[in-house]
Amino acid sequence: MYPIWFQKRPLFTVLSALTIFLLFFSVSAFAQDNSQIDTTIAVDTTLAEIRIVPPSSVEVSDVGNDAGGSIDIHWQLSPEDQNGGPVISYSVLRAESVDGTLGDFTEIGSVPAGASTYADGNTVDGLKYVYKVAATAASGAVFESGDSIPVSSSAQWFDMRRINVFVGVLLVAGFIVYYIRQAKAGKELFIRKIAGLDAVDEAVGRATEMGKKIFYVPGTQDMDNVQTIAGVTILGRVAEMAAQYETWLEVPVSRSLVLVTAKEMVKEAYSKAGRPDAYHEDQVHYLTDDQFGYAAGVDGMVVREKPATIFYMGAFYAESLILAETGNSIGAIQIAGTGMPSQLPFFVAACDYTLIGEELFAASAYLSREPKQLGSLKGQDMGKAVILIALIVGLLLETFGIWNFSTLFSVIE
Amino acid sequence: MEHFAIWVAAFLTMGIISFLYKDNAWYKLSEAIFVGISAGYWFVTLFWDNIYGKFWVGRGDDAMLYIGAFLGLLMLMRLVPKVGWISRWPLAFIVGATAGFYLINYFSSNVMRQVEDTIMPLLGTDYSATTYDMIGNIVIAVGTFSGLVYFFFSKEHKGVFGGTAKVGIFFLMITFGASFGYTVMSRMSLLIGRLDFLFGDWLGMIK
Amino acid sequence: MNARMKEILVVAVLTVFCAIMYWGKVDGWMTGFQFSFGLSMTVVILIAVSLLVILYLTLRGKLIGRRVVFLYVGISVTLPFFMSLSQEIKISPEVQTLYEGIAELPPGSVVLTAFDYDPPSAPELQPMAESFFRYCFNNDLKVVVIGLWPQGPQQANIAIEKILLDEAIAAKNLQYGIDYVNLGFQTGNEFVIQRMGSDFKSMFPTDYTGTPYNDLPLVRNIKNFSNIDYGFNLSAGYPGTVEWVQVAVDRYGLKMGAGNTAVQAPQCYPYIRSGQLVGILGGMNGAAEFELMTGTVGKGTKFMLSQSFAHMIVIAFIIIGNVAYFRGGRKQKL
Amino acid sequence: MRREIPLLITGIVGVVFVIQYFIPHWPFNRMNAWFSDWFSIVQACAIWLGALNLIKISIQKIAKKKKDWIYSVVILVFFLLITILGFAEGEEFREPGTGFTWLYEFVYTPLSSTMFAILAFFVASASYRAFRARNLEATLLLAAAFFVMLGRVPIGDVISGFMPQGAQLSNLATWIMTFPQTAGQRAIMIGIALGIVSTSLRIILGIERSHLGGGD
């Protein structure tokens, strides 16, 4: 199915394509035009009672790092523009320039006295425009600056302000890919003990001994949440164990997309465990999209059917407490995992084991012990190591006033 | 009608509250109504807002929306068992886009920004910080650092490293405690709101 | 009499009681109850003493069930409704900075308020919405409302209708479309914010009544966030403040404050430290503080007593639970 | 074929959505908007699957006269009631005065609000039964909760009234929220973000394929 080069080295192919693509665009990003010129010609001041020296040095430039369609205009204030002075506002005039011939100037906007910039957000890319700025006096008389040089707006292919994010993502992605390759090559990767995950086996086993059900709640968010994806992945492992132990696993879900995915997942797991016959269509079923409708539904099922083991893995909101407390009250073994900080205290309190934040994402690697998964976990750890080092170095540099290190991480322009 | 409406609302409110006593018929009735109504509510709302509002009348001349409709149709193919496998395509699309979008969003907002804010002159610029700020800054730096160490998976938590991780878990626990306190606050407020409905709006007993 | 009969009896008594009260309200002969100071104090002392009794029983090894806890929570929240006790509310720094952020806006500034919650969270957020609108209208700030939750704009309308009845504000004769606009709800979560970054109109071609965007004088000249002086987000979850910070603040540089349900608030504290948010109102307590700052008394302030009581009860039960735990040789499962 | 095409779609779409962040040029600047539209439409189509599943399960329950089947009838009736009203009333189904709005206001709202509100009871009972000073960690959790709960309501300062200003409970609560709490939240946030980055990357590279049903 895949081209041969992709089959052989998929990671390498995708990443190198990505790099080439981005390099190309970052080069073209430097090719943006940035023009400015000083033109000061006083015009049309004859009839005015008070003469105002018009604004000068109208500089125009394409707005950088954008999708095009806008031009920045900047000018020197009229010397008379002081508090209580005669200038009340500036209006910005624009004309199209086609092959060197200027069209008519029309006013495109105005700003109050004291302001020296205007952003024209309504240009057509590629067309050349000439701007001038006029100071308006209280009497209504208008004093215009000279024309700017022609300028056109354009869209850029790379947002230079985001280069640090780009480098960061590339670094972390690089680590992950590197360690995945290492792991595939057979290198042993250590992973520390995670108590909550060691308990999964025991929890499934207990349900089997007691002859009771296992409930699995993959969070209440949709498939567009990465935590849900993590939850569904862990569901696969749990389903496999349940199939081996021949224990009834029930998965109530609250989103239709999750229903579709979870069904596939469980079905697959059963056939992987060699028990495709044991899989039942109704094991995974939909209740309602509504948070509390769902919580109430699951609650009712838990109280009536008294499962021996309940898993909560995924993204949760307020329903976490209802679920965990009810499960606790019937004495089920509960293992929870979520990246929702506000729900963690309840899971920590009411469940036997809780995967805190990032541990949820580590779970699928931990349970499967697949080299690829372990490798990505190691790569993720290296990302953390870089952050830890950056924290130490940065704190030292900044505390002793050597260098403002944190600007490296600045995202806002 | 007005009287009927508020009594219906009160009846259902009390029905849910009755669960606190025990699982009973009144609660089960309220719960069943809730499941039905809420599933229907989202069903109708999503149809009018997303399919009708976004696609049917809202598409304008944006041909790209047809792609969405096409993906939606593929999704519905699941209803036809023979070609059900094709519903994996829109699913693949959504998962892929989510992965890409979240990768960037979380990296820039939660990693870059938070690291940026943790790196600061601990003693203030030009040693200007008050003792209060200084202690605070150090607490934040130490807390963030050790918390991250706790999340380190590929190294055994022993020795100095383990000690740091231990400090990290302390910070996490304080965070959970604070979160817990705020959650209690929140839930109590909502209960207050509901009891205000019962005793105030419905029975008019609150002055 | 068996248990079943008792249950039926209780329900019957309750129904009759509610019917009488309701009749009294409709008929006008019952206008509500209020305990005198002495009675209020007596009730407080009674509750405290009964808690001590429970503590004593626990020490003796007799444990109470969860229904008793439920009962105490119900009582401790309900009774303060009728009490005449007052307590001093203190302003926390994050509310102070939020207030200062709004207070420095000159009259005529445009404020964007995003309503991202639904009726269940209204007890916490509605008082904030009301006092925020009241402040804006009193100080001639222009208000633009949007919602990322379908029910949000309806909540905004409820608050605005209520505020417009205020005498001082009614006297201003505020005009819809000029002084305030409700652009309604739009699907798409954080993508809506993202698109508003380039063009409001593309996301909200009409307001919630169907009036075209360009026919609304207030918003006609608003292209994107650069024309907004202050953003205020009331949020109860996803999409909410986190998304607004990630997109509107981080990518488009909007100055922003937020009102959150208390559950959401702790997650937003890092954003205050880093300056991504100017301040935050957390839960009903935040609402009460903001009411105090803006000089109004609303439901936030009114219910602070219930809130205080409820917290005390929870703390009391944590202590009792732990006493049971340590007494039972750390093995007690309740 | 049935597995490879979805994998390819995921990979390509994922990469495109990563790079769109760095490219302000058309069409990348429109990608977000398109995706959000597409997602809403797919979501609205997918809920048909959910709704049909709900109907199917309810009917099965009724047909087999399983325990509590009568409540499945209630679910069906109310689901159909609000759905039929919502569709019959057309685009304006949300306007004041429609049957849909009535159901929303007097049935849906009280039910969902009360669901939220009874959490208060569960929170209290969880505090009573589960929050134990088992070890140092749990004790810290409890202590922080204690200070925050007291410090955030006016009664806290009544209790600590005899203390100096700096040690008042409200100030302590503010301190906890501003410093240690913020630090902990940050560690969690950064950790989760890295977890998401690596999970997303695995998805894009096709290593994590569970969402398409099963492993290799």
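None of the values given here were measured: they were computed from a predicted structure. The sequence lines fix the lettering, A, B, ..., with proteins before strands; numbering per chain opens at 1.
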Any side-chain heavy atom of [X] sitting closer than 4.5 Å to one from [Y]?
X	Y	value
Ser30(B)	Leu111(D)	yes
Ile203(D)	Thr10(D)	yes
Trp48(D)	Ile51(B)	yes
Phe171(B)	Leu140(D)	no
Arg187(B)	Phe122(D)	no
Lys166(B)	Tyr150(B)	no

Look at the rings of [X] and [Y] and say which category their plane angle falls in: under 30° parallel, 30 to 60° tilted, over 60° perpendicular.
X	Y	value
Phe161(B)	His157(B)	tilted
Phe100(D)	Tyr41(B)	parallel
Tyr108(D)	Tyr104(D)	parallel
Trp89(B)	Trp85(B)	perpendicular

Answer with side chain, backbone, both or neither: which region of [X] has an atom nearer than 4.5 Å to a non-hydrogen atom of chain B?
X	answer
Glu105(D)	neither
Thr182(D)	side chain
Val148(D)	side chain
Thr178(D)	backbone
Ile190(D)	both
Ile47(D)	both
Ile188(D)	both
Trp34(D)	side chain
Phe131(D)	side chain
Met189(D)	both
Trp175(D)	both
Leu52(D)	side chain

Please state whether the side chain, the backbone, both or neither of [X] comes within less than 4.5 Å of a heavy atom of chain D.
X	value
Phe43(B)	both
Ser189(B)	neither
Met64(B)	both
Phe180(B)	side chain
Phe151(B)	side chain
Ile17(B)	both
Ser109(B)	neither
Tyr27(B)	side chain
Ala25(B)	both
Asp49(B)	side chain
Phe11(B)	neither

Using modelled atom types and a 3.5 Å cut-off, is there a donor and acceptor pairing between side-chain atoms of [X] and backbone atoms of [Y]?
X	Y	result
Ser200(D)	Ala99(B)	yes
Asn24(B)	Lys22(B)	yes
Thr101(D)	Gly97(D)	no
Thr83(D)	Phe79(D)	yes
Ser186(B)	Thr183(B)	no
Ser146(B)	Ala165(B)	no
Arg132(D)	Tyr128(D)	yes

Chain B: which of [options] shares the most heavy-atom pairs with it under 4.5 Å?
options	result
Ala187(D), Pro110(D), Ser125(D)	Pro110(D)
Gln181(D), Met115(D), Glu137(D)	Glu137(D)
Phe39(D), Phe116(D), Phe121(D), Phe147(D)	Phe121(D)
Ala46(D), Ser58(D), Ser112(D)	Ser112(D)
Gly90(D), Ala126(D), Ser127(D)	Gly90(D)
Thr199(D), Asp68(D), Leu54(D), Leu81(D)	Asp68(D)

Given the options [options], which has more heavy-atom pairs under 4.5 Å with chain D than any of the others?
options	value
Leu172(B), Thr13(B), Leu148(B), Ile6(B)	Thr13(B)
Ile86(B), Leu46(B), Ile104(B)	Ile104(B)
Asn137(B), Asn110(B), Ile169(B), Ile135(B)	Asn110(B)

Please name all residues satisfying salt bridge (Lys or Arg N to Asp or Glu O under 4.0 Å) with Glu89(D), sequence neighbours left out, ordered by chain then number.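 With sequence neighbours excluded, Glu89(D) shows a salt bridge (Lys or Arg N to Asp or Glu O under 4.0 Å) to no residue whatsoever.
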Residues forming a ring pair (Phe, Tyr, Trp, His ring centres under 6.0 Å) with Phe47(B), sequence neighbours excluded: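 With sequence neighbours excluded, Phe47(B) shows a ring pair (Phe, Tyr, Trp, His ring centres under 6.0 Å) to Phe87(D), given in chain and number order.
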Would Phe19(B) and Trp26(B) satisfy ring pair (Phe, Tyr, Trp, His ring centres under 6.0 Å), going step by step from the backbone distance to the final call? CA-CA 8 Å; Phe19(B) 180 71; Trp26(B) 190 1; over 10 Å; no
Please check if the number of heavy atoms outside Trp202(B) that lie under 6.0 Å from its CH2 is greater than 12.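 Yes, because the 6.0 Å sphere around CH2 of Trp202(B) holds more than 12 heavy atoms from other groups.
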Ring centres under 6.0 Å, that's the criterion: do Phe35(D) and Phe17(D) meet it?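 Close enough - the centres of the two rings lie under 6.0 Å apart.
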Of all the residues in residues 69-76 of chain D, which have a heavy atom that comes within less than 4.5 Å of a heavy atom in chain B?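 Checking residues 69-76 of chain D against chain B gives Tyr71(D), Val74(D), Ile75(D).
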Would you sort out whether Arg113(B) and Glu116(B) count as a salt bridge (Lys or Arg N to Asp or Glu O under 4.0 Å), showing the intermediate values? CA-CA 5 Å; Arg113(B) 274 307 300 251; Glu116(B) 183 196 356; 3.5 Å; yes
Chain D contact residues among residues 191-200 of chain B, heavy-atom distance under 4.5 Å: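 Result: Leu191(B), Arg194(B).
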What is the minimum heavy-atom distance between Gly72(B) and Val42(D), and which atoms define it?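 Result for this residue pair: N-CG2, 3.9 Å.
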